[in-house]
Amino acid sequence: MKNYIILLTFCSLSISLFAQTQKVKNQPYADQKLYHFGFSIGMHAQDMILNNSGYINENGEVWYCEIPDYSVGLSVSLIADLYLNPYMNLRFTPTMHFGDKNFHFKEEVLNEDFSTVVKSSYLNFPLDVKFSSMRINNYRPYILAGAYCSFDLGRQKEMPVLLKTFDYGLEFGIGCDFYLPIIKVCPEIKFCFGLTDLIEKDRSDLRDRDLLKYTNALSGGKSRMIVFTFNFE
């Protein structure tokens with residue numbers, strides 16, 4: 001994870017230095033278009049805030065769960081941007097997130113461990129308001145805030161942990177537009193906070209009923225995600 005952050009930081013600084021060394025103001029009217037389009041590519045780190053139930057099964061076992069580390073995945077999206085005023089834009093960025101989450105269960109009395117990986121392919125529909133500062137030469141910092149809804153297209157049944165298909169939440173981000181001669185490149189980081197309890201409690205799909213102890217160990221869980229992207233507009 002640290003290597004990805006270092007790489008993104010290096011790329012951002014390189015673009016920044018390039019933009020600042022340009023004496024000519026690139027694309028002086030780029031921000032005055034009523035609407036424009038683009039795309040982005042990057043990576044994300046999935047996580048969840050889990051609530052353990054303390055459930056005791058018929059064998060006297062009490063299992064606890066955590067997600068010990070972030071799982072890095074791929075993110076690709078389209079960008080549709082609508083001009084509102086010189087400092088505000090409305091952005092719709094349908095996105096695909098390909099990744100997974102590693103659930104680690106532990107039973108302390110028996111000193112047993114169990115891990116399972118839940119793969120997810122989220123189709124995300126964020127709607128954000130972008131607040132930009134004044135343009136300085138060939139760069140322009142911004143922040144954004146908005147809401148999203150998402151659908152898990154890669155849900156696998158008969159897994160020890162099953163997540164619900166639909167989620168929604170809030171997101172906040174920061175970035176910077178760098179104006180190159182023919183395109184804008186925008187490194188951006190977003191923080192996404194899910195508001196839905198994603199733990200599926202109805203496990204009629206399970207053939208191995210012994211796996212229910214892992215579902216019963218969780219009383220709830222909400223998604224968290226950090227998304228690093230480079231936008232090309």
Side-chain angles (χ1 to χ4, degrees), residues 1-46 70 72-99 121-150 169-193 224-233:
M1 184 64 185
K2 292 182 179 179
N3 293 335
Y4 290 111
I5 296 175
I6 292 172
L7 177 61
L8 286 170
T9 303
F10 175 77
C11 293
S12 300
L13 290 174
S14 299
I15 296 172
S16 177
L17 290 173
F18 175 80
Q20 292 185 54
T21 57
Q22 303 302 301
K23 295 182 179 180
V24 178
K25 192 172 183 179
N26 297 322
Q27 304 187 69
Y29 306 109
D31 295 329
Q32 298 179 17
K33 297 178 180 178
L34 178 60
Y35 58 87
H36 68 269
F37 303 96
F39 69 94
S40 72
I41 185 168
M43 61 193 71
H44 69 271
Q46 295 189 23
Y70 289 104
V72 178
L74 175 68
S75 298
V76 292
S77 65
L78 300 175
I79 300 171
D81 187 287
L82 176 66
Y83 175 89
L84 298 179
N85 63 49
Y87 300 101
M88 293 176 59
N89 294 67
L90 185 65
R91 293 168 71 83
F92 178 58
T93 54
T95 306
M96 281 297 302
H97 298 296
F98 303 95
S121 298
Y122 287 113
L123 179 56
N124 217 38
F125 296 100
L127 186 63
D128 300 308
V129 178
K130 176 182 176 183
F131 304 91
S132 302
S133 71
M134 293 183 61
R135 177 171 173 172
I136 306 171
N137 296 327
N138 283 322
Y139 66 93
R140 191 180 192 190
Y142 65 84
I143 61 173
L144 55 84
Y148 68 89
C149 65
S150 67
L170 303 175
E171 62 181 25
F172 309 91
I174 58 173
C176 188
D177 292 329
F178 293 99
Y179 299 79
L180 305 184
I182 60 173
I183 197 172
K184 280 198 305 182
V185 180
C186 321
E188 179 182 285
I189 178 172
K190 287 199 298 188
F191 303 90
C192 307
F193 304 90
R224 297 290 185 270
M225 189 182 301
I226 303 173
V227 186
F228 302 94
T229 58
F230 279 97
N231 303 336
F232 300 89
E233 303 177 36

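Computed from heavy atoms alone, side chains included, the values below leave out hydrogens, waters and symmetry copies.
- More than 12 heavy atoms of other residues, nucleotides or ligands lie within 6.0 Å of CG in L123, so this atom counts as buried by the packing criterion.
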Donor-acceptor list for residues 142-150 side chains, cut-off 3.5 Å, not counting sequence neighbours:
from : atom 1 : to   : atom 2 : distance (Å)
Y142 : OH     : E188 : OE1    : 2.6
Y148 : OH     : G194 : N      : 3.3

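- Taking 4.5 Å as the limit, some side-chain heavy atom of K25 sits within range of a side-chain heavy atom of N138.
- Remark: L34 CG to D81 CG distance equals 10.0 Å, nearest 0.5 Å.
- Between F232 and F39, the ring planes are parallel. Angles under 30° get that label, and only those over 60° would be called perpendicular.
- You'll find the side chain of P187 reaches within 4.5 Å of the side chain of F178, heavy atoms only.
- By the 4.5 Å heavy-atom criterion applied to side chains, N231 and R91 are counted as neighbours.
- Every residue was checked against the ring-ring contact (aromatic ring centres under 6.0 Å, His included) condition with Y29, not counting sequence neighbours, and none meets it.
- Between the NZ atom of K33 and the OH atom of Y83 there is a distance of 14.0 Å, given to the nearest 0.5 Å.
- With hydrogens and angles disregarded, no donor-acceptor distance shorter than 3.5 Å links the side chain of N89 to the backbone of K130.
- Remark: D31 pairs with R140, K184 by the salt bridge (charged side-chain N to carboxylate O under 4.0 Å, His left out) rule, at least two apart or across chains.
- Considering NZ of K190 and OG of S75, their distance stands at 9.0 Å, rounded to 0.5 Å.
- In this structure, the separation between CE on M88 and CG on L82 is 10.5 Å, given to the nearest 0.5 Å.
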